[in-house]
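Chain naming here is simple, since letters A, B, ... match the order of the sequence lines and numbering starts at 1 in each.
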Amino acid sequence: MTEETYPYQTIEPKWQAFWEKERLFETDTSRTEGKYYCLVMFPYPSSMLHVGHGRNYIIGDVVARYKRMKGFNVLSPIGWDAFGLPAENAAIKGGLHPKKSTLANIATMKRQLRQWGVCYDWRREVTSCLPDYYKWTQWIFLKLFEKGLAYKKRAAANWCSSCQTVLANEQVVNGACERCETPVIQKFLEQWFFKITDYADRLLLDLEKLTDWPERVRIMQRNWIGKSTGVEIDFPIKEEEPLRCFTTRVDTIYGATYMVMAPEHPRLESLIARSPNRQEIESFVERVLRQNKEERSALETKKEGIFTGRTVTNPMTGKEIPLWVANYVLLEYGTGAVMAVPAHDQRDFEFAKQYRLPIEVVIDNPREPLEASRLEAAYIEEGILVHSGPFNGLPSREGMEKIADDMEKRKIGRRASAYRLRDWLISRQRYWGAPIPILYCDRCGILPVPEKELPVLLPEEVSFKPTGESPLKDVPEFVNAVCPRCRGRARREIDTMDTFVDSSWYFLRYLSPKESKRPFDPEVVNRWLPVDQYIGGVEHAILHLLYSRFIVKVLHDLKYLSFDEPFERLFTQGMIIKDGMKMSKSKGNVVSPDELIERFGVDTVRLYTLFIGPPEKDAEWNDRAVEGSFRFLNRVWRLLKALSASGAPKESALERVVPDEKGKVLRRKVHTTLKKVTEDMEGSFRFNTAIASTMELVNEMARTLGEDPRTLSKNEKLLLREASEILVYLLAPFVPHLAEELWSLLGHKESIFRAPWPEYDPSALETEEFTLVVQVNGKVRAKLQVSAGVSEDELKKKILGESAVQKWLNGKRVKQWIIVPQKLVNLVVQG
RNA sequence: GGGCGAGUGGCGGAAUGGUAUACGCUAUGGACUUAAAAUCCAUUGCCGCAAGGCUUGAGGGUUCGAGUCCCUCCUCGCCCACCA
């Protein structure tokens, strides 16, 4: 027996080349029968993949390989989410042009994925920063624009005054710029939005259909959409349009003693036009708007406000109440104005105390009557309506319904919903993204670029300066254009699209990546989607998945797609942690796979990554434990080598075998393991326990093999041959290179990935004897070998005859027998 | 503040309400070796010489039987957060 480690150095490149030659993962999508679309979230091409990234692709590869062996026609594509800020920031710092660095990174990552034995249908590779792809991202924009789902408005953006640029939310860390740590302020800019809020209800409702998504992702999306139901109420103002507010607690309306509007409210300017303290109000508003979002919404931030000089009428009490502006009211939620009920809302309570506004109790605590003057906090629970005119005495729930009915009848209010979900801000004042296909003509206004003029090409010769606007502004050949309507001069939109737009439809492009006349072939797409299994990080639980669902719904409504949810099943894998932290270059705790691959081979790294723990959970990486996986693979290698050296038969002809006791034990182990691993692969992906039980199988095989393989009987050799074959199947998805090598060692000529996954033999699982656990009062007191067909009477007699059991009965009568067949007996005796 | 998870040996982690600690790592002892590495064998939750007792974050409950179900609490992680 050789003591050397197995030759992974030669095995791995050999089979990688073989798979490519065999076109193992090139999928014929014209065949839809048994289709299985296995998708991993396409990566952003950063400079180097670490073992944390690796987990995602390895899991995807395991699923694709397993499903293939199960006979599915598997589609497993890959592409690159190649636009984005890091490449542009590097260029600003004086690095390579984003296109150059991105394409170089893609080449590196491609090499790495191949090295890991991760197989894709490379003919379908898509790269979002190339014109043949972003042409269709622009096309999607045009479709949304046509439908009125893309619009432009002034909105606040995160602004770093030092870098002179707009920052994405993700670039704002603790209220400061991630690059220079300058506090971020809000700046108002004209920006493009997608009207995702039009789809809020459907995005919410259809979550119910996604039963094969992790519950926690569905909950996160539900909370993100954040639907509240309530009533919109008009508060009349003298000589003006009424001011509308939204409330979820219309039962408290009799206690609305003032009203507050957001500082950004569009009607504020005209309402205060004739206020004596107009200037004071304006400077207050300006001060609040200068604060960044974090500052303004931080809990420590004091509630501040100012009286507008105007009053509105509470439509239920008929009383005039003052109208205020305050920093705690958000323009984007509801109507941007709220009725303030200090007695029953904590925020209003604090504000009222501070500015000495009246507090009136209108909901009574049924357990303990409330008194406004003695309140130390708002009573926000439901209760019984008081001081509420005709609604006195009603419980809150009923009061809400009755008051809403009354308002609807009198047309002063109506039932309505409000959502936390905001429209999707898609414009970025950045270079490295898909240009928004819009033209501005002085005569004709805002016009979409005609479809036949797509793509709007991103010019490559630009200078990277942090000016706060896209560098495209300084490229006259780009900016100057001809108006498609009047043929006069027009300007191009210089903002580019958020990269989340690129990634919200890439899974459609994989089906017909070379289409030049349309974004995808609807016929193939409609047969192959929804994606059967989507795999990715939980960090995308909200934005990417919500945006993709939205875009698919829009394309569905436009009749391009027959389905309206993109991802049937979703699996979110956990992060790999090192030294208690997420792996990242800046923290310096990155485990690069290269050194490990050199020492142990890639199959070991794959195996360890899968064995480390349940794939949906975070896991701590331990370099030393990797050796255990390596040891195991070497053990498998030596075992199968020894077996083949012992002259094991080339084929398993089990029908000729009558196993002896030892053989039966082995065969039972083989088939229970096959059953268990198959179950672990289906449903949730329990790779860690699948591998653990495969290790147990190998231990059992080694036991059967014994010290000297030459002493094996012919029957034992046949049984070990069957065991080896099944073992190689079980290992194949996890360690494909070694599995192929062992498969050919067993005499097979075809790839194991073209062999069908075996079925376990139920008869092998049958036993003649089992170990019975005997408990007395719930405590284990004995274990007996019992034959399977034993009758209950015989069993009881046998148990009572055991001295180990009698000792604990102590002569007492057995009150009750609890019998779990084939497993356990509990004797209940008097205390 | 709201929502969602999770707490099991020295470590990663296993356990359809039915033998807690599978599998692996670490550690210790032994075999092989001139020696080391590799490999193989044994031990490895705690207390105890043993018989036995104790043990799944803490405390209660349901049950013949609870890591698992229910209640209260503690700690940690993640997401959201002045959303009317």
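- Among the atoms of the strands shown, base atoms are found under 4.0 Å from some heavy atom of A/Val329.
- Taking only side-chain atoms of A/Ile542, from C-beta outward, the nucleotide of B/rG18, B/rG24, B/rC79 with the closest atom is B/rC79.
- Separating the CD1 atom of A/Ile225 from the P atom of B/rC83 is a distance of 19 Å, rounded to the nearest angstrom.
- Using a 4.0 Å cut-off, some side-chain N or O of A/Arg631 falls inside it from OP1 or OP2 of B/rU26.
- Distances shown here put every side-chain N or O of A/Arg218 at or beyond 4.0 Å from the OP1 or OP2 atom of B/rG3.
- Classification of B/rG53 as anti follows from a glycosidic angle more than 90° from 0.
- In this structure, A/Arg624 places its CZ atom 17 Å from P of B/rG24, rounding to the nearest Å.
- Of the residues in residues 333-340 of chain A, those with a non-hydrogen atom less than 4.0 angstrom from any atom of RNA chain B are A/Tyr333, A/Val338.
- Contact annotation: A/Arg686 does not reach the phosphate of B/rA14 (side-chain N/O to OP1 or OP2, under 4.0 Å).
- A/Arg635 comes within contact range of the sugar-phosphate backbone alone, with a heavy-atom separation under 4.0 Å but no base atom that close.
- For the OP1/OP2 pair of B/rG52 and a distance below 4.0 Å, the side-chain nitrogens and oxygens of A/Lys807 include at least one atom meeting the criterion.
- With sequence neighbours excluded, no residue satisfies side-chain hydrogen bond (donor to acceptor under 3.5 Å, both in side chains) with A/Thr248.
- Between the CE atom of A/Met575 and the C1' atom of B/rC78 there is a distance of 8 Å, given to the nearest Å.
- Proximity of A/Asn699 to the phosphate of B/rA22: no side-chain N or O atom is located under 4.0 Å from OP1 or OP2.
- Within a 6.0 Å sphere centred on NZ of A/Lys195, other residues, nucleotides and ligands contribute 12 heavy atoms or fewer.
- Using atom C1' as the reference point in both B/rA20 and B/rA66, the two lie 11 Å apart (nearest Å).
- Residue A/Ser228 is in sugar-phosphate contact alone, with no base atom involved, counting any heavy-atom pair closer than 4.0 Å across all strands shown.
- Candidate nucleotides B/rU19, B/rG13, B/rA22 were compared by shortest atom distance to the side chain of A/Asn688, and B/rG13 ranks first.
- If you check every strand for non-hydrogen atoms under 4.0 Å, A/Lys617 touches nothing.
- Counting any heavy atom pair closer than 4.0 Å across all strands shown, A/Arg347 reaches a base atom.
- Side-chain atoms of A/Tyr328 lie closest to B/rC82 of the nucleotides B/rC4, B/rC82, B/rG12.
- Secondary structure note: stems in RNA chain B built from 3 or more consecutive Watson-Crick or G-U wobble pairs under 3.5 Å occupy B:1-7 with B:74-80, B:10-12 with B:23-25, B:27-31 with B:39-43, B:45-47 with B:52-54, B:57-61 with B:69-73.
- If you check distances only, the side chain of A/Lys303 does reach the base of B/rC82 with a donor-acceptor pair under 3.5 Å.
- Proximity of A/Thr248 to the phosphate of B/rC83: no side-chain N or O atom is located under 4.0 Å from OP1 or OP2.
- Of the side-chain N and O atoms in A/Arg638, none sit less than 4.0 angstrom from OP1 or OP2 of B/rA38.
- For the OP1/OP2 pair of B/rG18 and a distance below 4.0 Å, the side-chain nitrogens and oxygens of A/Asn826 include no atom meeting the criterion.
- A straight line from CH2 of A/Trp808 to P of B/rC64 spans 22 Å, rounded to a whole angstrom.
- Atom P of nucleotide B/rG3 and atom CZ of A/Arg420 are separated by 12 Å, given to the nearest angstrom.
- Among the heavy atoms of the strands lying under 4.0 Å from A/Ile612 are primed sugar atoms or P, OP1, OP2 only; no base atom is included.
- Nearest to the side chain of A/Val780, among B/rA84, B/rG18, B/rA20, sits B/rA20.
- Within 4.0 Å of A/Trp817, counting heavy atoms only, lies no atom of the nucleic acid at all.
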